[in-house]
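Only a predicted model underlies this, so the values are computations on that prediction, with no experimental measurement involved.
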Amino acid sequence: MPAPHTPQQPALNRAALVPGLLGAIVLLAGLALIGGDWYLYVRYAVSILALILCVFAGQARMWWWFAGLIPLAVVWNPVWPLPLGGVALQGLSIAGAVVFVAAAVTIKIPADTRR
């Protein structure tokens, strides 16, 4: 009779995967809303999700992601929006979606081994 299997804790936590993919989806879906009243909600979502990924990048000690995530939070901030044209926002949205996906895939937080 084999010994009972005791599950082991994973070594890494992929907490950034969902907010990163969601941020990319919001940016790409927001391409259709640029210039409209509903784009304000895209700004809120992108800015908040970028800041959430900054927290996860800090927990993973991957500080270099701040160089891509903080500009996302600044460009799409709803409080003081930057006066960018539609074409500029379209290009930045595609670049921002790439940053979101890359951060989502690569940020892996070490699991806490303390109990």
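- For the pair Tyr41/Val26, no side-chain contact is recorded, criterion being any heavy-atom separation below 4.5 Å from C-beta on.
- Two residues are said to be in side-chain contact when any heavy atoms from C-beta on lie closer than 4.5 Å; Ile25 and Phe100 fail this criterion.
- Atom CD1 of Ile109 sits about 9.5 Å away from atom CE of Met62, to the nearest 0.5 Å.
- If you take OG on Ser93 and CG on Leu31, they are separated by 5.0 Å, rounding to the nearest 0.5 Å.
- Between Tyr39 and Tyr44, the closest side-chain pair of non-hydrogen atoms is not below 4.5 Å.
- The minimum heavy-atom distance between Ala24 and Ala97, with the atom names listed, is CB-O, 3.8 Å.
- Under the 4.5 Å side-chain heavy-atom criterion for ILVMFWY residues, no single connected hydrophobic cluster contains both Val75 and Val98.
- Val99 and Ile70 are assigned to two separate hydrophobic clusters, defined by single-linkage of ILVMFWY side chains at heavy-atom distances under 4.5 Å.
- In terms of hydrophobic clustering, with Ile, Leu, Val, Met, Phe, Trp and Tyr side chains grouped at heavy-atom distances under 4.5 Å, Trp64 and Phe56 are assigned to a common cluster.
- For the atom pair CG (Leu51) and CG (Asn77), the distance works out to 9.5 Å, reported to the nearest 0.5 Å.
- Note that CG of Leu49 is 9.0 Å distant from CG of Leu27, once rounded to the nearest 0.5 Å.
- Residues Val55 and Leu69 do not share a hydrophobic cluster, defined by chaining ILVMFWY side chains whose heavy atoms lie under 4.5 Å apart.
- If you chain together hydrophobic residues whose side chains sit under 4.5 Å apart, Trp65 and Leu92 fall into the same group.
- Side-chain contact between Phe66 and Cys54 is present, with heavy atoms from C-beta onward closer than 4.5 Å.
- Between the CG atom of Leu17 and the CG atom of Leu53 there is a distance of 10.0 Å, given to the nearest 0.5 Å.
- Across all non-hydrogen atoms, the minimal contact from Leu82 to Arg43 is O-NH2, 4.2 Å.
- Two residues are said to be in side-chain contact when any heavy atoms from C-beta on lie closer than 4.5 Å; Arg14 and Val105 meet this criterion.
- The side-chain heavy atoms of Lys108 and Asn13, taken from C-beta on, include no pair separated by under 4.5 Å.
- Here the closest heavy-atom approach between residue Ala73 and residue Ala50 is recorded as N-CB, 3.9 Å.
- How far CG of Leu40 is from CG of Leu33: 11.0 Å, rounded to the nearest 0.5 Å.
- Smallest separation of non-hydrogen atoms from Gly20 and Ala104: CA-CB, 3.6 Å.
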